[in-house]
Amino acid sequence: MKNIVKVDPHAPERRTIERAAEILRAGGLVAFPTETVYGLGALALNPHAVRKIFTAKDRPDWDPLIVHVHDLAMAHALMKRLLPQFELLVSRFWPGPLTLVVEKAPQVPDEVTARRATVALRMSWHPVAAALLEATVAPIAAPSANRFGRPSPTRAEHVAEDLGDRVDLILDAGPTPMGVESTVLDLTQSPPAILRPGGVSREQLEKVLGAVQLATGVADEVARAGLAGPGMTLKHYAPRAQVELVENREELLARADKLRHEGKRVGVLDTATTIERLAQTVFAQLRDLDAQGVDLILCVLPPPQGLGLAVRDRLLRAAGKGTPT
Ligand code: TXA
Ligand code: MG
C-alpha cells in the first residue's frame, strides 16, 4: 500500500519523520509504533484533527484519547496542577508503558477528553514515537490504531487491515516490542486506580505508591475467573471468531477434541510460553486465527501476576467477558 513507509525502529530516518510531522501539522492522521502497540496520531491541540481519529476508528465519542508527550514540560502544560504522585511515578516509569490520568489544563480540547475534566498522559520510549514528538514539538493524541472493538495492532499490517486509506501515513517499524497496551492509572482517585492493567504491573506500581486499587470492571473480571461459558456482554479487543477460555491444558485438549468431532474448526491460542512472549503475540495470534477462518478459539488463561494481569484482561475481553474501556 502506498501510505505505508518503513522506518528503522532504532534509528528512525530523519526525512521519514519530517514527512510524518508535516502531515500531522497539516491536520492529518499518522499511525506510528510505540513500545506497546501502534497508535493513531493527530495533533492533540487541533480539535478538527482529533475528530478525524474518532471517524477513522469508528470510535464512539464518549471514549477519551491518550495524549503522548515528548517531555515533562509538555506534560505539565496539559495538567491543571502539579502532583507529587505524578512526579514520583514519572521519575520511575517514564518513558514507558504507563498512562497517567490527571486533571486537565483548560487548553486540552473537549474532543480529546470526551468532555471529561481529566486527561490521560503518556510518554513512550519507542525511538519512532519519541522522534515524531520531537519533530512536531506538540502533544499527539493517539489511541490504539485499530478499528473500535478489534484487537490492538502490533504490526503495521494490522493497521492497514483495519484503517486502510482512512490514515494518511503508517510508519512501519516492524512488530512492537511489548504487545499489550500501557497501564492506565487514575491519579484523581485515592488510592490511585488501575483503569486498565498493562505494561507496568500492579506490583511495580505498589512498590512506589503503596496500595493501588483495581477499578471495578477490572477487579470483577479478575475475581470471577470468568470461565463459565461464552458471555453475551460487550466485546472488546475481539476477533470475529468466538473465544472460549479454559482452566488448563488438559481441559483444552479435551474441549478441542469434542468440538472438532462436532465439525467445528478450532484454533488454539499458544499460551505455553513466557508471559513476555505471550504479551507480544496475543493480539497477532487472535488476528491470525481469525484470518484462518476458525469458528472458535480456545485458550488457557495465564495467572494474574505481573504482565499476566494485562494479558488475562485482554483475553477475557476478547471472550466477551470484559467491560469496555
Ligand atoms: O499503549 C497504549 O496505551 C496505546 C498506545 C498507542 O499509546 N494506546 C491505547 O489507547 O491503548 P486507547 O485509546 O486504545 O486506550 C486508552 C484507554 C481507553 O480505555 C480510554 O477510555 C482510557 O484510556 N482513557 C483515556 N483518557 C481517559 C481519561 N481522561 N479518564 C479515564 N480513562 C481514560
Ligand atoms: Mg484501544
Side-chain angles (χ1 to χ4, degrees), residues 29-42 44 50 53-54 56-69 78-80 93-105 108-126 128-130 132-133 139-154 156 158-159 162-163 170-171 173 176-189 192-200 215-218 234-238 279 283 307 310 313-314 317-318 322-325:
L29 299 182
V30 174
F32 62 95
T34 75
E35 70 274 51
T36 57
V37 302
Y38 277 79
L40 178 63
V50 168
I53 293 179
F54 286 88
K57 277 179 63 87
D58 296 328
R59 185 182 177 107
D61 63 5
W62 46 258
D63 198 359
L65 307 178
I66 292 176
V67 179
H68 293 242
V69 297
L78 302 172
M79 297 165 60
K80 184 170 179 187
F93 298 109
W94 277 15
L98 178 65
T99 297
L100 296 170
V101 174
V102 294
E103 285 179 277
K104 80 175 188 79
V108 181
D110 280 342
E111 281 79 0
V112 169
T113 63
R115 287 166 292 282
R116 293 177 194 226
T118 56
V119 62
L121 300 174
R122 146 157 163 74
M123 188 193 289
S124 165
W125 60 246
H126 197 293
V128 174
L132 192 57
L133 279 152
I140 298 178
S144 52
N146 51 299
R147 207 62 88 87
F148 186 72
R150 293 271 295 148
S152 284
T154 54
H158 300 160
V159 180
D162 277 14
L163 301 180
I170 303 172
L171 295 175
T176 54
M178 297 197 72
V180 289
E181 303 92 334
S182 63
T183 301
V184 180
L185 185 71
D186 185 354
L187 290 182
T188 69
Q189 298 189 45
I194 295 177
L195 304 182
R196 177 180 72 185
V200 170
T216 351
V218 179
L234 229 175
K235 285 195 177 190
H236 204 61
Y237 306 102
F283 289 133
L307 207 46
D313 169 79
R314 305 311 186 268
R317 288 173 202 282
T323 43
T325 62

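Whatever order the structure lists them in is the order used to number ligands and atoms, beginning at 1.
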### Message
Please enumerate all residues that pass side-chain contact (heavy atoms from CB on, under 4.5 Å) together with Pro64, with sequence neighbours excluded.
### Response
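Counting only residues at least two positions away or on another chain, Pro64 forms a side-chain contact (heavy atoms from CB on, under 4.5 Å) with Ala114, Arg116.
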### Task
With sequence neighbours excluded, tell me which residues meet side-chain contact (heavy atoms from CB on, under 4.5 Å) with Asp58.
Arg147, Arg166
Specify the closest pair of heavy atoms between [X] and [Y], including all atoms of both residues, with the distance to one decimal.
X      : Y      : answer
Leu307 : Ala279 : CD2-CB, 3.9 Å
Glu35  : Met123 : OE2-O, 4.4 Å
Ala44  : Pro109 : O-CG, 3.2 Å

Any N or O of [X] closer than 3.5 Å to N or O of ligand 1:
X      : result
Arg196 : yes
Thr36  : yes
Thr34  : no
Ser144 : yes

Side chain or backbone of [X] under 4.0 Å from ligand 1, or both, or neither, by non-hydrogen atoms?
X      : result
Arg59  : side chain
Leu195 : side chain
Thr113 : neither
Val184 : side chain
Glu181 : both

Of all the atoms in ligand 1, which lie at a distance below 4.0 Å from a heavy atom belonging to [X]?
X      : value
Ala120 : 25 (C), 26 (N), 27 (C)
Ile66  : 3 (O), 8 (N), 9 (C), 10 (O), 16 (C)
His68  : 7 (O)
Thr118 : 28 (C), 29 (N), 30 (N)
Gly39  : 6 (C)

### Task
Output yes when a side-chain donor or acceptor of Thr176 lies under 3.5 Å from a complementary backbone atom of Thr36, and no otherwise.
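At least one qualifying donor-acceptor pair exists.
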### Query
Judged by atom type as modelled, is there a donor-acceptor pair below 3.5 Å linking the side chain of Lys57 to the main-chain atoms of Ala145?
no
### Query
Of all the atoms in Ser152, is at least one N, O or S atom closer to the Mg ion (ligand 2) than 2.8 Å?
no
### Message
Among Arg122, Glu181, His68, exactly one meets side-chain hydrogen bond (donor to acceptor under 3.5 Å, both in side chains) together with Thr34. Which residue is that?
### Response
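The passing option is Arg122.
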### Query
Considering only heavy atoms from C-beta outward, does the side chain of Leu65 approach that of Phe54 to under 4.5 Å?
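When only atoms from C-beta onward are counted, Phe54 and Leu65 do touch, with a gap below 4.5 Å.
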### Task
Nearest heavy atom to atom 27 (C) of ligand 1 wins, so pick from Pro97, Pro153, Pro64, Ser152.
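Selected option, by shortest heavy-atom distance: Pro64.
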### Message
We want to know whether Ser182 and Thr99 form a side-chain donor-acceptor pair, criterion being a heavy-atom distance below 3.5 angstrom.
### Response
yes
